[in-house]
Asker: 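One structure is given below, represented as structure tokens, and several questions about it will come after.
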Amino acid sequence: MIKPDRDLLTSSHWGTYRVEVQDGRVTGMRPFERDPDPSPIGPALVDLLDDPMRIKAPMVRKSWLEGGPGTAGHMRGQEAFVQVTWEEANRLVADELQRVRREHGNQAIYAGSYGWASAGRFHHAQSQLKRFLNCIGGYTSSRFTYSFAAAETIVPRILGTFRGFLNNQTSWESIATDCDLLVAFGGIPLKNGQISQGGLGAHIQRDGVLRAKAAGVEFVNISPLRSDIDAAIGAEWLAPRPCTDVALILALCHTLLVEDLCDDEFLARYTVGMEQFSAYLLGCSDGVEKTPQWAAAITEIPAETILELARRMAQSRTMVSVAWALTRQQHGEQPFWAVIALASMLGQIGRPGTGFAFGYSAMNNTGLNRQQVNYASLPQGKNPVAEFIPVARVTEMLERPGDAFDFDGTRYTYPDIRVVWWAGGNPFHHHQDLNRFRRAWAKPDTVIANDWCWNSLTKHADIVLPCTTTLERADLALTPKDRHQVVMDKAMEPVGQARDDHEIFRGIAARLGAEEAFTEGRSPEEWLRWIYTVSRQRAAAEGVEMPDWDQFQRDGWMEVPAPPKLTVMMEAFIADPDAHPLATPSGRIEIFSETIAGFGYDDCPGHPAWMAPAEWLGAAAPDELHLMSNQPHNKLHGQMDHGRVSQADRPDGLEPALMNPRDARTRDLSEGQPIRLHNARGACLATLRLSEAIRPGVVQVATGAWWDPDPDGDLCRHGNPNALTPDQGTSKLAQGPAAHSCLVRVEAFEGRLPERRAHQPPEIVPRG
């Protein structure tokens, strides 16, 4: 690699930074000069590069090393590790893969690896793992994401694609120019906008919403949390009961229908199924008319407020945004479908500044006006194994091998998994009902993890392969989600015996006779040059000029010019639906889907519908609260939970829990005291924070605290809310996660707080 005659650079999912190095060690990271609103999260990595939680050599769980695969799986997470050499680690992994492939077939290998390990285009852990496994016969895969699995399944049935529109949403500039009213179901949480997949150079969400406000756009925040829109916006706050947004949306649709506020011409030209949906709204199909009065009893939003909002939306140039979080509830398919129906009735889709959007500030790239370039990435090859699971059904897969499950109109069978391999993610962060998950996690013969620190995944693995951080290897941040493309410099040598994922898999592939297939004879630097060369060719075909390799390395970054025309989602379809039909059976927006109706699912009919979750406030006992487990503001998922930014928010070591003072008074609780949240699934500790900015009946605990289970029970001592959340599919259609349909009880924690071990490494013992 060319040694740059400039300050070193790195890029991450939460921003780009200049890297300061002294005597071969990274001493600091300062924000990229092009970033007007840098995230404070990234620089926390500096303190963690060589701290006690760093994994510096290959490790094997003691019982597994002594007894072989399948030994004492129930001890994962409670047992000491033994350090081994890379040669032995490679042999152990290769031998186990050979055994499982021979005795059970490649479908017995599950490569979950859901996560955000690196912004790099080459050192992307999932791609490296899946390329390696494809070179030796494949693996059981997962389908979709925890972020919005329900939307990934249902929106293509309604619009023909989900990702295609997700990546081309109406820009903030268009909203500032052409919108009067932005109604945000789930708010516009700027904390989430700190991140973007594949790296980012400049944070634009705060500027986008402030510019829209300055231009006169009015905002309505529909969320149990007032903070889901920045206080500077002065948004109107409507706080419905959690998981009742669909009832509210249906009542808005009902008002538009009965008051003749629909755009009938739009509905006739661009949609199908309004007749069936209208019958449902009027109660013809189920005997229940979806009036504002009906919705008021469910949502606790006054009927008059609902009426006024519907009329205001019809009289304004209106954008309707629906947060990704709304998919993560039982029947999570319905909010997105209902919002699309509402926007169709308003008739403003495909026009500048109006229509609907999938979650402004869900990530930094939402609403960013940018040129789409299909940059190259590491080819993963073809997976010969057909078996897969919906991403959030891991526990059921491990519990019920051979059992059938429904998904998107087809019935499948859970495979019998013997090896679980995770690289670049942490299922003990993303998954629900962690106590049940831990019991299922004991079933596989072997769990392998590539990671750089002792988080909850690595502590629950059998073989731990230590990998480098982004600062210990060279890479490229080439992403269509941002205008800035950045060189990721190697700033220091790897700590201890850590290796990058490519080198880890190359070593194992060599033992299996697959090294040439895995590397194609290329070194990492040659792969980087190949990725850049192909990306440059693709960019040129799309009218984007990129510098040659040497110039890019010298400069360190480039900015792709913004397109001359502001992005307006679905503009081409609206301009000419015959020339640009949607990839649906009708070629139109499917407010009613014959396909979905034909599946015959009792939990997902053929049109948007209100179905009360099995667990929600409408059926709660008087002392139960609805738990909101939303994204944290001080980390990306669970990454760097042990870093200074994350730790600054919890001086006593417990995750904060936000509660309305009214709920605290009825429980005799006070600000700052330790509390215990619990239900039938488990319990977790937290520190109480009181605020009028959360609606009564709700308690909020952000995800991301590393799971720290009490060995004597089901208590997370650190504050991970997924000790409490239900592990159930959104519906038979999508089988997505339903974490937000969750009720808990809250009480004062009595006695001395237990020792927390989330940020302590496991015991390392000599070989015995």
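Nothing fancy with the numbering, it's 1 onward along the sequence.
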Asker: Determine whether the side chains of S670 and Q673 contain a donor N or O and an acceptor N or O closer than 3.5 Å.
Answerer: yes

Asker: Using the rule side chain to side chain donor-acceptor pair (under 3.5 Å), only one of E333, Q330, H331 pairs with T730; which is it?
Answerer: E333

Asker: Tell me, with the steps shown, if N455 and H429 meet side chain to side chain donor-acceptor pair (under 3.5 Å).
Answerer: CA-CA 10 Å; N455 57 30; H429 162 75; over 6 Å; no

Asker: Begin from the C-alpha positions of D714 and D433 and carry the test side chain to side chain contact (heavy atoms under 4.5 Å, CB included) through to its verdict.
Answerer: CA-CA 10 Å; D714 292 334; D433 196 350; over 6 Å; no

Asker: Working to the nearest 0.5 angstrom, can you tell me the gap between W706 CH2 and L457 CG?
Answerer: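 The CG atom of L457 is 10.5 Å from CH2 of W706, to the nearest 0.5 Å.
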
Asker: Under a 3.5 Å threshold, yes or no: a donor from one side chain and an acceptor from the other, between S196 and N364?
Answerer: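 Short answer, no.
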
Asker: Considering the options H431, Q432, R681, which one meets the side chain to side chain donor-acceptor pair (under 3.5 Å) requirement together with D727?
Answerer: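 Output: one option passes, namely H431.
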
Asker: To the nearest 0.5 Å, what is the distance between CE on M628 and CG on L658?
Answerer: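 Here the rounded value is 9.5 Å.
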
Asker: Looking at W454, F437, F428, which hits ring-ring contact (aromatic ring centres under 6.0 Å, His included) with H460?
Answerer: F428

Asker: Is any side-chain heavy atom of L200 closer than 4.5 Å to one of T16?
Answerer: no

Asker: Using a strict 4.0 Å threshold on nitrogen-to-oxygen distance, state whether R756 and D652 make a salt bridge.
Answerer: no

Asker: Quick check: do L677 and P721 have side-chain heavy atoms less than 4.5 Å from each other?
Answerer: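 The answer is no, as the side chains (C-beta and beyond) never meet within the 4.5 Å cut-off.
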
Asker: Can you check whether E692 reaches P661 side chain to side chain, under 4.5 Å on heavy atoms?
Answerer: yes

Asker: May I ask you to test the M640-V645 pair for a side-chain heavy-atom distance under 4.5 Å?
Answerer: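 With C-beta onward as the side chain, the pair stays apart.
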
Asker: Test side chain to side chain contact (heavy atoms under 4.5 Å, CB included) on S227 and W237; report intermediate values, then the result.
Answerer: CA-CA 10 Å; S227 61; W237 180 33; over 6 Å; no

Asker: Go through the steps for Y360 and F358 under the test ring pair (Phe, Tyr, Trp, His ring centres under 6.0 Å), then give the verdict.
Answerer: CA-CA 7 Å; Y360 284 110; F358 301 129; over 10 Å; no

Asker: Give me the atom names and distance for the closest heavy-atom approach of S39 to Y17.
Answerer: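 Answer, listing the atom of S39 first, then Y17: O-OH, 2.9 Å.
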
Asker: Enter the distance from C716:SG to N435:CG here, rounded to the nearest 0.5 Å.
Answerer: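 Rounded to the nearest 0.5 Å, the SG-CG separation comes out at 8.5 Å.
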
Asker: Ignoring hydrogens and geometry beyond distance, is a side-chain donor-acceptor pair present between Q631 and H637 at under 3.5 Å?
Answerer: yes

Asker: Less than 4.0 Å between a side-chain N and a carboxylate O, is that true for R695 and E300?
Answerer: yes

Asker: Determine whether D649 and R689 satisfy the following criterion, salt bridge (charged side-chain N to carboxylate O under 4.0 Å, His left out), listing intermediate values before the conclusion.
Answerer: CA-CA 11 Å; D649 199 34; R689 302 276 175 84; 3.8 Å; yes

Asker: Can you find a side-chain donor-acceptor pair between Q329 and S741 that sits under 3.5 Å?
Answerer: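 No - no donor-acceptor pair under 3.5 Å links their side chains.
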
Asker: Applying salt bridge (charged side-chain N to carboxylate O under 4.0 Å, His left out), which residue pairs with at least one partner in residues 217-227 are found, sequence neighbours left out?
Answerer: E218-R312

Asker: How far apart are the C-alpha atoms of R650 and E655, what are their side-chain angles, what is the distance that settles it, and do they pass the salt bridge (charged side-chain N to carboxylate O under 4.0 Å, His left out) test?
Answerer: CA-CA 6 Å; R650 42 185 168 177; E655 194 70 22; 3.1 Å; yes

Asker: Distance from I694 atom CD1 to S223 atom OG, nearest 0.5 Å?
Answerer: 9.0 Å

Asker: Check this for me: R211, atom CZ, are more than 12 non-hydrogen atoms of other residues, nucleotides or ligands nearer than 6.0 Å?
Answerer: no

Asker: Does the side chain of M363 reach to within under 4.5 Å of the side chain of Q205, using non-hydrogen atoms?
Answerer: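 Counting from C-beta outward, M363 and Q205 never come under 4.5 Å.
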
Asker: With no hydrogens and no angle check, do the side chains of Q760 and E755 hold a donor and an acceptor under 3.5 Å apart?
Answerer: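 Present: a donor and an acceptor within the cut-off.
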
Asker: Can you see which heavy atom on L688 is nearest to which on A664, and at what distance?
Answerer: CD2-CB, 4.4 Å

Asker: Do the side chains of P674 and T687 get nearer than 4.5 Å, heavy atoms only?
Answerer: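 No, every pair of side-chain atoms sits at 4.5 Å or beyond.
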
Asker: In the structure I gave you, are the side-chain heavy atoms of F356 and I340 within less than 4.5 Å of one another anywhere?
Answerer: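 Result yes, sub-4.5 Å side-chain heavy-atom pair found.
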
Asker: Any side-chain donor paired with an acceptor under 3.5 Å for N192 and H633?
Answerer: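 Checked: N192/H633 side chains show no N/O donor-acceptor pair below 3.5 Å.
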
Asker: In sequence, state the C-alpha distance, the side-chain angles, and the governing distance for Q735 and E396, and then conclude on side chain to side chain donor-acceptor pair (under 3.5 Å).
Answerer: CA-CA 11 Å; Q735 296 285 3; E396 290 181 5; 5.9 Å; no

Asker: Could you label the plane-to-plane angle of the H642 and H759 rings as parallel, tilted or perpendicular, counting under 30° as parallel and over 60° as perpendicular?
Answerer: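 Ring orientation of H642 relative to H759: tilted.
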
Asker: How far apart are the C-alpha atoms of Q647 and R644, what are their side-chain angles, what is the distance that settles it, and do they pass the side chain to side chain donor-acceptor pair (under 3.5 Å) test?
Answerer: CA-CA 5 Å; Q647 290 301 296; R644 63 176 184 263; over 6 Å; no

Asker: Are K635 and S646 close enough, and set up right, to give a side chain to side chain donor-acceptor pair (under 3.5 Å), and what steps lead you there?
Answerer: CA-CA 6 Å; K635 48 186 170 284; S646 176; 3.1 Å; yes

Asker: When rounded to the nearest 0.5 angstrom, what distance separates CZ in F749 from CD1 in I675?
Answerer: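 Here the interatomic distance stands at 12.0 Å.
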
Asker: Do the ring planes of W294 and W610 sit parallel (below 30°), tilted (30 to 60°) or perpendicular (above 60°)?
Answerer: perpendicular

Asker: Kindly compute the distance separating NE2 (H626) from SG (C243), expressed to the nearest 0.5 Å.
Answerer: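 Those atoms lie 4.0 Å apart.
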
Asker: In terms of relative ring orientation, are F148 and F162 parallel, tilted or perpendicular, with 30° and 60° separating the classes?
Answerer: perpendicular

Asker: Quick one: which of Q700, M659, R745 gives a side chain to side chain contact (heavy atoms under 4.5 Å, CB included) with L625?
Answerer: M659

Asker: Does some side-chain heavy atom of Q334 sit less than 4.5 Å from a side-chain heavy atom of C604?
Answerer: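 Yes, their side chains come closer than 4.5 Å.
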
Asker: Would you call R143 and E152 a salt bridge, using N to O less than 4.0 angstrom?
Answerer: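 Judged by the 4.0 Å cut-off on N to carboxylate O distance, R143 and E152 do not form a salt bridge.
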
